[in-house]
Amino acid sequence: MTDRFIEDKQNVFETEKGKFDLKTLLSGGFIKQRQKDLFTIRCRVPAGRLDAKKMKKIAEVAEKYGRGFVHLSFRQSAEIPYVNIKDFAAVTKELSEVGQTIASCGPRVRAITACGGCEYNPNGLTDTQGIAIEMDRRFFGTDTPHKFKISFSGCPIDCARTREMDLGFQGIVEPVWEESSCDGCTLCAKACKEGAIVSDEDGKPVFDPEKCIYCGDCIRVCPSESWKAKRYGHMVRVGGKHGRHPREADVVRIFISDEEVPSVIESVVKWYQKNGKRGERIGLTIERIGLEKFKEEVFVKVEEAVSER
């Protein structure tokens with residue numbers, strides 16, 4: 001039976017590299033367990049993409065220094081529990097042999113998560129894997145007033161939970177209909193779960209853009225290709241979080257292009273660094289300052305950055 005109480009309340013620990021407090025160790029990805037001198041080591045896995053060589057090494061390290069199992073976190077990290085603090089140097093060295101790094105915790109940009117996207121998922125509209133890995137390379141570990149989580153979902157199913165992230169990008173596609181090629185089959189109306197398309201008496205679609213969530217189901221199902229993609233992009237959400245006081249993110253822009261994503265992230269993070277209070281998630285900062293002011297200040301910077309390219 002698991003003890004309900006923490007067995008070890010020690011706050012300062014000595015390693016081969018000196019003495020460290022719990023906060024410093026946590027920021028480096030070493031998470032204290034309830035047991036004395038034991039930690040969970042969080043491995044960095046951007047976009048949840050872990051090649052077989054790294055996976056094998058993580059398993060070997062878990063066998064050698066942990067208890068022979070790996071925990072997969074809800075944010076796609078691979079965690080090795082039950083590692084003794086005296087083994088930190090050895091574990092870090094062995095993981096580095098295959099290029100595997102430790103993830104950071106604390107008040108900074110965390111490892112970026114993503115679904116499979118259009119690389120191999122049939123519902124995917126955007127290349128979530130490629131862009132998430134690149135954005136992680138650019139922004140991972142950037143200091144912020146509180147933890148800052150970014151995710152990429154490839155479609156409105158939103159498997160990567162952009163509604164719960166500090167900053168989320170969800171793939172979308174705007175459909176456009178060409179009457180000349182439509183055969184009136186009504187499949188688009190049947191496929192549309194939002195009621196954005198209904199069929200008239202001739203079987204031709206009547207489209208209500210206010211109800212459209214840009215999923216592309218009409219395009220996918222159309223046998224005559226009369227429904228086409230006008231443009232692809234990202235819906236941007238800011239200020240979400242889960243936990244004991246969850247907050248749903250606000251939609252702040254739609255149809256942001258892949259090229260604009262880095263500028264959006266940079267501008268949002270800089271705004272948060274300037275306006276956020278220590279220990280305050282960005283959603284609460286936005287509530288305090290105002291959503292419209294946030295959008296005005298952030299996206300002016302985005303437009304300036306894009307125009308300079």
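Nothing here was measured: the structure is a model prediction, and the numbers come from that model. The basis for the numbers below is simple: all heavy atoms, side chains too, and nothing from hydrogens, waters or symmetry mates.
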Side-chain heavy atoms of Val252 within contact of Val298, under 4.5 Å: no
Whether Gln33 side chain and Tyr82 backbone form a donor-acceptor pair below 3.5 Å: yes
Asp202 backbone acceptor or donor facing Asp200 side chain under 3.5 Å: yes
Sidechain-backbone polar pair: Glu174 side chain, Tyr232 backbone, donor-acceptor under 3.5 Å: no
Same apolar cluster: Ile172 and Ile131, side chain cutoff 4.5 Å: no
Pair Arg288-Lys277, side-chain contact (heavy atoms from CB on, under 4.5 Å): steps then yes or no: CA-CA 10 Å; Arg288 177 168 53 82; Lys277 296 178 180 179; 3.6 Å; yes
Derivation and outcome, side-chain contact (heavy atoms from CB on, under 4.5 Å), residues Ile282 and Trp271: CA-CA 9 Å; Ile282 191 173; Trp271 185 92; 4.2 Å; yes
Phe255 with Val251, same ILVMFWY side-chain cluster at under 4.5 Å: yes
Within one Ile-Leu-Val-Met-Phe-Trp-Tyr cluster: Ile256 and Leu291, side-chain cutoff 4.5 Å: yes
Backbone N/O of Arg49 and side chain of Gln76: donor-acceptor pair under 3.5 Å: no
Side chain to side chain, Cys185 and Ser224, heavy atoms closer than 4.5 Å: no
N/O donor-acceptor pair under 3.5 Å between Lys241 side chain and His245 backbone: yes
side-chain contact (heavy atoms from CB on, under 4.5 Å) evaluation trace for Phe140 with Ile112: CA-CA 8 Å; Phe140 172 78; Ile112 295 178; over 6 Å; no
Nearest heavy atoms of Ile133 and Ala47, plus distance in Å: CG1-CB, 3.9 Å
Residue pair Ser267 / Phe299, side-chain heavy-atom distance below 4.5 Å: no
Shared hydrophobic cluster for Val236 and Ile289 (ILVMFWY, side-chain gaps under 4.5 Å): yes
Between NZ on residue Lys56 and CD on residue Gln100, distance to nearest 0.5 Å: 15.5 Å
CD-CG distance between Glu134 and Asp127, expressed to the nearest 0.5 angstrom: 11.5 Å
Whether Tyr272 side chain and His146 backbone form a donor-acceptor pair below 3.5 Å: yes
Worked verdict on Phe148 versus Phe139 for ring-ring contact (aromatic ring centres under 6.0 Å, His included): CA-CA 11 Å; Phe148 195 83; Phe139 296 103; 9.5 Å; no
Closest non-hydrogen atom pair between Leu125 and Pro156, with its separation: CD1-CD, 4.2 Å
Within 6.0 angstrom of Glu97 CD, more than 12 heavy atoms from elsewhere: yes
Shortest non-hydrogen contact between Pro175 and Val173, atoms and distance: CD-O, 3.5 Å
Side chains of Glu280 and Thr285, donor plus acceptor under 3.5 Å: yes
Side-chain touch Arg75/Arg42, heavy atoms, less than 4.5 angstrom: no
Arg161 side chain near Ser153 side chain, heavy-atom distance below 4.5 Å: no
Ion pair check, Lys64 and Glu60, cut-off under 4.0 Å: no
side-chain hydrogen bond (donor to acceptor under 3.5 Å, both in side chains) between Thr40 and Glu79, worked out: CA-CA 6 Å; Thr40 293; Glu79 299 176 340; 5.7 Å; no
Thr142 (side chain) donor-acceptor with Val109 (main chain) under 3.5 angstrom: no
From CD1 (Ile31) to CD1 (Ile80), nearest 0.5 Å: 11.5 Å
Residue pair Val268 / Phe294, side-chain heavy-atom distance below 4.5 Å: yes
Transitive ILVMFWY side-chain link Met165 to Leu284, under 4.5 Å: no
For Val45 against Ala78, the heavy-atom pair lying closest together: CG2-N, 3.8 Å
Under 3.5 Å: donor-acceptor pair, side chain of Ser226, backbone of Ser181: no
Interatomic spacing from OG in Ser96 to NZ in Lys57 - rounded to 0.5 Å: 9.0 Å
Main-chain N/O of Asp87 paired with Asn84 side-chain donor or acceptor, under 3.5 Å: no
Atom pair NZ (Lys211) and CD1 (Ile197), whose distance is rounded to the nearest 0.5 Å: 11.5 Å
Phe169 side chain reached by Ile265 side chain, heavy atoms, under 4.5 Å: yes
For the student: nearest non-hydrogen atoms of Cys215 and Arg220, plus distance: O-NH2, 3.7 Å
N/O donor-acceptor pair under 3.5 Å between Ser257 side chain and Glu260 backbone: yes
Qualifying residues under salt bridge (Lys or Arg N to Asp or Glu O under 4.0 Å), relative to Arg44, sequence neighbours excluded: Asp136
Gap separating the CD1 atom of Ile150 from the CG atom of Leu167, nearest 0.5 angstrom: 5.0 Å
NZ/Lys270: more than 12 non-hydrogen atoms of other groups inside 6.0 Å: no
For Cys115 against Ala160, the heavy-atom pair lying closest together: N-CB, 4.1 Å
Arg163 vs Arg237 side-chain heavy atoms within contact, under 4.5 Å: yes
Aromatic ring pairing Trp177/Trp227, orientation class (parallel under 30°, perpendicular over 60°, tilted between): tilted
Worked check of side-chain contact (heavy atoms from CB on, under 4.5 Å) between Lys149 and His242: CA-CA 11 Å; Lys149 299 177 180 179; His242 51 269; 3.9 Å; yes
